[in-house]
Protein chains: 2
Amino acid sequence: MALRNALLAALADRESSGYDLAKKFRSSVANFWTATPQQLYRELEKMEAEGLLSARLVKQDKRPDKRLFSVTGEGRAALLAFSRRSPKPTTVRDELLVQVEALAHGDVASVRASIVEHREASRSRLKGYEQRLRDILGDRTDDEFLATGNRLGPYLTLQRGISFERENIAWAELALGVLARRYPL
Amino acid sequence: MALRNALLAALADRESSGYDLAKKFRSSVANFWTATPQQLYRELEKMEAEGLLSARLVKQDKRPDKRLFSVTGEGRAALLAFSRRSPKPTTVRDELLVQVEALAHGDVASVRASIVEHREASRSRLKGYEQRLRDILGDRTDDEFLATGNRLGPYLTLQRGISFERENIAWAELALGVLARRYPL
DNA sequence: ATTGCATAGTAAAGAAAGTGACTATGGGCC
DNA sequence: GGCCCATAGTCACTTTCTTTACTATGCAAT
């Protein structure tokens, strides 16, 4: 009931295929909503059946045909209605932090390795977000963009993604420092 | 397959009832893992059936009887095995950010109100975490605690919760500032 | 006297999500 | 020629989660 809205939000800007959306969910939407490609394809079918989306088949020469989805009037109405509802509280699922919580009952060396992995993944996502931010800004400063730009929503969610990843990295450094001190190699 | 580990982590420290766990998941574990009471009761049953937990009935005078769960040897082994697995990537579900992403297609006044609500909820959780941190530290400084304390895991996850909520608040301020500028009341 | 809150749970349907395998085309690499 | 990668999906199965609605007890406030 909520993935739909993330899809409507993504499709409201541009017509896309399931494949395009899967990439977008992997690279940027994952910041605030995660979904697997299978989920997307399933949900897109349902939404088309319910009249929120319309689809058109595009034949391609050099690659497989694709279906491009776009938001219908009904879909736009649903998105507007969603924007008026009070959003559910954020939910987080972070297995690494479960491991850290149980540090005293687990394998410290292994958890330490997981923290390092996690930090590297955050660094890599952070780079992607920063690149994307530069793309949105173009040659404008943040301030010029905020005064006149027309992709405020994506700008704001991107900022949240950036600060989240920065905090992930800072936290990982803290945790590794603590572990180095208490559990020397 | 993963909620169990969060439960094992919570129970490894102290024997608890389902009700206790529900409170803990609401107030602190929610930082890195969310679960409803119904999920917990169901999972606890399964885990007891599989031998990861043992339960004992405690009769109470002034309130309903309760069942206290504790981790068995098998449960400890499962937790150790979990700590050695590579954790799945963090997943986030944040409806507010979906609304913000679709700002241009939604009701800005309503989204603004949601951001304010969200900020207040973060402030309140932040206060709770800071209190909990003071409880863990007692009269020690962070540094003394890190040198000798014995609840390092909870300390670290709490730090992550605190920085997360601080960033939520800072982001909300940013977003409200941007909206005030672009969509004056 | 009743309402509301905290404690302590249970039941069961239905929606959503995750997992793994599979089909197909074309391009580039070695 | 064989292999992997990117594109563009589909299918089936299973697990997990959410939602809604229940049962009970005792305390405190109005």
Side-chain angles (χ1 to χ4, degrees), chain A residues 1-8 11 15-27 29-30 32-50 53 55-69 85-95 98, chain B residues 1-7 11 15-27 29-30 33-50 53 55-69 85-95 98:
Chain A
M1 217 56 141
L3 174 56
R4 322 165 90 66
N5 297 299
L7 282 168
L8 288 170
L11 284 169
E15 188 186 41
S16 309
S17 65
Y19 193 79
D20 294 335
L21 289 165
K23 272 193 295 187
K24 186 161 187 192
F25 268 70
R26 192 152 37 84
S27 74
V29 175
F32 50 91
W33 204 273
T34 47
T36 60
Q38 286 72 15
Q39 261 179 284
L40 303 186
Y41 284 117
R42 234 176 332 188
E43 193 67 24
L44 288 168
E45 285 307 315
K46 274 206 282 178
M47 291 167 77
E48 196 206 349
E50 293 173 35
L53 302 180
R56 65 191 182 91
L57 191 71
V58 175
K59 305 224 174 203
Q60 297 189 111
D61 267 10
K62 311 262 168 172
R63 39 197 73 182
D65 299 350
K66 62 182 172 181
R67 299 181 74 208
L68 290 181
F69 293 90
R85 288 212 305 275
S86 173
K88 288 187 200 157
T90 308
T91 68
V92 177
R93 299 278 154 98
D94 192 333
E95 288 199 353
V98 174
Chain B
M1 219 54 145
L3 174 57
R4 322 164 90 67
N5 297 299
L7 282 168
L11 285 169
E15 188 185 42
S16 309
S17 66
Y19 194 78
D20 295 335
L21 289 165
K23 272 194 295 187
K24 185 160 189 193
F25 269 70
R26 190 152 39 81
S27 74
V29 176
W33 204 273
T34 49
T36 60
Q38 287 71 14
Q39 264 178 282
L40 302 187
Y41 283 118
R42 232 175 334 180
E43 193 67 25
L44 288 168
E45 286 307 315
K46 274 205 283 179
M47 290 168 77
E48 196 205 349
E50 293 173 33
L53 302 180
R56 65 193 183 90
L57 191 71
V58 175
K59 306 223 173 203
Q60 297 188 111
D61 267 9
K62 312 262 165 173
R63 38 198 72 186
D65 298 349
K66 61 182 175 182
R67 297 182 75 209
L68 290 181
F69 293 91
R85 287 213 303 276
S86 174
K88 289 188 200 154
T90 309
T91 69
V92 178
R93 299 277 155 96
D94 192 332
E95 287 199 354
V98 175

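Numbers restart at 1 for each chain; the letters A, B, ... are given by sequence-line order, proteins then strands.
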Task: N/O donor-acceptor pair, side chain A:Q38 with base C:dG20, under 3.5 angstrom - done: yes

- [ ] Quickly work out the A:E43 CD to C:dG18 C1' distance and round it to whole Å.
- [x] 15 Å

TODO: Send over the distance from B:R26 CZ to C:dG9 C1', rounded to a whole Å.
DONE: 15 Å

Task: Cationic N near anionic O, under 4.0 Å, A:R67 to A:E15 - done: no

Task: Short side-chain N/O contact from A:R93 to OP1 or OP2 of D:dC17, under 4.0 Å - done: yes

Open item on the list: Once rounded to the nearest 0.5 Å, what's the spacing between atom CD of A:E43 and atom CG of A:L53?
Closed with: 9.0 Å

Open item on the list: Nearest heavy atom decides the nucleotide; on that basis, is B:R42 or B:D20 closer to the 5' end of DNA chain C?
Closed with: B:D20

- [ ] Indicate yes or no for a side-chain donor-acceptor contact from B:D65 to the backbone of B:Q60 under 3.5 Å, with no hydrogens or angles considered.
- [x] yes

- [ ] Identify whether the distance between the nearest side-chain nitrogen and carboxylate oxygen of B:E95 and A:R85 falls below 4.0 Å.
- [x] no

TODO: Check DNA chain C against residues 56-68 of chain B and give the residues with a non-hydrogen atom under 4.0 Å, in numerical order.
DONE: B:Q60, B:R63, B:P64, B:D65, B:K66, B:R67

- [ ] Would you tell me if any nitrogen or oxygen in the side chain of A:K23 comes within less than 4.0 Å of OP1 or OP2 on D:dT7?
- [x] yes

- [ ] Take atom CD of A:E48 and atom P of D:dT10, then tell me their distance rounded to the nearest Å.
- [x] 10 Å

TODO: Using a 4.0 Å heavy-atom cut-off across all strands, classify A:Q39 as base, sugar-phosphate, or nothing.
DONE: sugar-phosphate

Open item on the list: So if I take the C1' atoms of five pairs at each end of the helix from C:dA1-D:dT30 to C:dC30-D:dG1 and get each local axis, what angle do the two axes make, rounded to 10 degrees?
Closed with: 30°

Task: Shortest non-hydrogen contact between A:Y41 and A:Y19, atoms and distance - done: OH-N, 3.4 Å

Task: Whole-Å gap separating C1' (D:dT16) and NZ (B:K88) - done: 10 Å

Open item on the list: Side-chain N or O of A:K46 versus OP1/OP2 of C:dA17: is the shortest distance under 4.0 Å?
Closed with: no

Open item on the list: Ignoring hydrogens, what is the shortest heavy-atom contact between B:L68 and B:S17? Give both atom names and the distance.
Closed with: CD2-N, 3.4 Å

Open item on the list: Please determine whether a side-chain nitrogen or oxygen atom of A:S17 lies at a distance below 4.0 Å from atom OP1 or OP2 of D:dT7.
Closed with: no

TODO: Please determine if a side-chain N or O atom of A:Y19 lies less than 4.0 Å away from the OP1 or OP2 oxygen of D:dG9.
DONE: no

TODO: Taking the side chain as every heavy atom from C-beta outward, state whether B:V98 and A:F32 have any pair of such atoms under 4.5 Å apart.
DONE: yes

Task: Atom-pair distance (OH on A:Y41; C1' on C:dG18), nearest Å - done: 17 Å

Open item on the list: If you define the side chain from C-beta out and look only at heavy atoms, does anything of A:V92 sit under 4.5 Å from B:T91?
Closed with: no

Open item on the list: Quick check: do A:R42 and A:E45 have side-chain heavy atoms less than 4.5 Å from each other?
Closed with: no

- [ ] Find the distance A:W33:CH2 to C:dA16:C1' and express it as a whole number of Å.
- [x] 10 Å

Task: B:L40 CG - D:dT16 P separation (whole Å) - done: 14 Å

- [ ] Determine the minimum heavy-atom distance between B:Q39 and B:T34, stating which atoms define it.
- [x] OE1-O, 4.5 Å

Open item on the list: Just the rounded figure in Å: distance from P of C:dA8 to NZ of B:K24.
Closed with: 17 Å

TODO: Go through the N and O atoms of the side chain of B:R4 and the base of D:dT16, and report whether any donor-acceptor pair is under 3.5 Å.
DONE: no

